[in-house]
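Only this structure's heavy atoms are used, side chains among them; waters, hydrogens and symmetry mates stay out.
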Amino acid sequence: QVQLVESGGGLVQAGGSLRLSCAASGSIASIHAMGWYRQAPGKQRELVAAITSGGRTNYADSVKGRFTISRDGAKNTVNLQMNSLQLEDTGVYYCNAHSVWTTDGRYSTDYWGQGTQVTVSS
């Protein structure tokens, strides 16, 4: 019922920038929070940044001051501007929609996108 489609990943040199975008579509009534998680090879998926419908943001300590999350609530989109990228930022980035109500009254805790690869090279 709800689909998340990501775009914007790719290969970038250390110190460079990338912008990730995610659009949620389907029978959406409301989404409490949208965010980005990443998973590096051999590691667990971790929160990168999230933003609530009220605009409250939460960032991983490792990306504070470098990444900026933004959201268009009317369009159910979320963007992640990533600056000063480091080798450690490499991984698959997943878009997340948390606490979702659909127009037919169904609730789901989480929806996930398919993931987009971000590779930072030296």
Report task. Return yes if a side-chain donor-acceptor contact under 3.5 Å exists between Asn79 and Ser21, otherwise no. Result -> yes
**Report entry** Side-chain heavy-atom pair Ile28, Thr102 within 4.5 angstrom cut-off
**Finding:** no
Report task. Could you check if a side-chain atom of Ser121 sits within less than 4.5 angstrom of a side-chain atom of Leu11, using non-hydrogen atoms only? Result -> yes
Query raised in the report: Nearest heavy-atom pair of Thr116 and Leu20: which atoms, and what distance?
Result: CG2-CD2, 4.1 Å
Query - Partner set under side chain to side chain contact (heavy atoms under 4.5 Å, CB included) for Ala50, not counting sequence neighbours - result: Leu47
Query raised in the report: Side chains of Gln117 and Thr119: donor-acceptor distance under 3.5 Å anywhere?
Result: yes
Requested in this report: To the nearest 0.5 Å, tell me how far His32 NE2 sits from Thr109 OG1.
Outcome: 12.0 Å
Report task. Identify the heavy atoms of Gln81 and Ser17 that sit nearest to each other, and give their distance. Result -> NE2-CB, 4.0 Å
Query raised in the report: Can you hop from Leu4 to Trp101 via hydrophobic side chains spaced under 4.5 Å?
Result: no
Report summary line: Scanning both residues in full, the closest heavy-atom pair of Ala40 with Thr90 reads CB-O, 3.7 Å
Requested in this report: Grab the two heavy atoms, one from Cys95 and one from Met34, that are nearest each other, plus how far apart they are.
Outcome: SG-CE, 4.3 Å
Query raised in the report: Between Ile69 and Tyr59, is any pair of side-chain heavy atoms under 4.5 Å apart?
Result: yes
**Report entry** Polar side-chain atom of Gln44 near backbone of Gln39 as donor-acceptor pair, under 3.5 Å
**Finding:** no
Query raised in the report: When rounded to the nearest 0.5 angstrom, what distance separates CG in Asn58 from OG1 in Thr52?
Result: 10.0 Å
Query raised in the report: Would a line drawn from the ring center of Tyr93 to the ring center of Trp36 be shorter than 6.0 Å?
Result: no
Report task. Starting at CD of Gln86, measure out to OG of Ser62 and round the result to the nearest 0.5 Å. Result -> 8.0 Å
Report summary line: Minimal heavy-atom distance between Val118 and Met82, with the atoms involved, is CG2-CE, 4.0 Å
Report task. Give a yes or no on whether Leu18 and Tyr37 share a hydrophobic cluster (residues Ile, Leu, Val, Met, Phe, Trp, Tyr; joining criterion: side-chain heavy atoms under 4.5 Å apart). Result -> no
Query raised in the report: Can Asp89 and Phe67 be said to form a side chain to side chain contact (heavy atoms under 4.5 Å, CB included), step by step?
Result: CA-CA 11 Å; Asp89 296 317; Phe67 291 10; 3.8 Å; yes
Query raised in the report: Does atom CZ of Arg19 have more than 12 heavy-atom neighbours from other groups under 6.0 Å away?
Result: yes
Report task. Kindly confirm or rule out a cation-pi arrangement of Arg45 over Tyr94, judged by NZ or CZ under 6.0 Å from the six-membered ring centre and within 45° of its axis? Result -> yes
**Report entry** Shortest non-hydrogen contact from Gln114 toward Val5
**Finding:** OE1-CA, 4.2 Å
Query raised in the report: Would you say the side chains of Tyr107 and Ser99 form a donor-acceptor pair under 3.5 Å?
Result: yes
Requested in this report: Tell me whether Val63 is reachable from Val92 by hopping between hydrophobic residues (I, L, V, M, F, W, Y) whose side-chain heavy atoms are closer than 4.5 Å.
Outcome: no
Report task. Please lay out, stage by stage, how Ser53 and Arg71 fare under the test side chain to side chain contact (heavy atoms under 4.5 Å, CB included). Result -> CA-CA 8 Å; Ser53 56; Arg71 177 177 175 179; 4.0 Å; yes
Query raised in the report: Roughly how far apart are Arg106 CZ and Asp104 CG, rounded to 0.5 Å?
Result: 5.0 Å
Query raised in the report: Counting only N and O atoms by type, is there a donor-acceptor contact under 3.5 Å from the side chain of Glu6 to the main-chain atoms of Gly115?
Result: yes
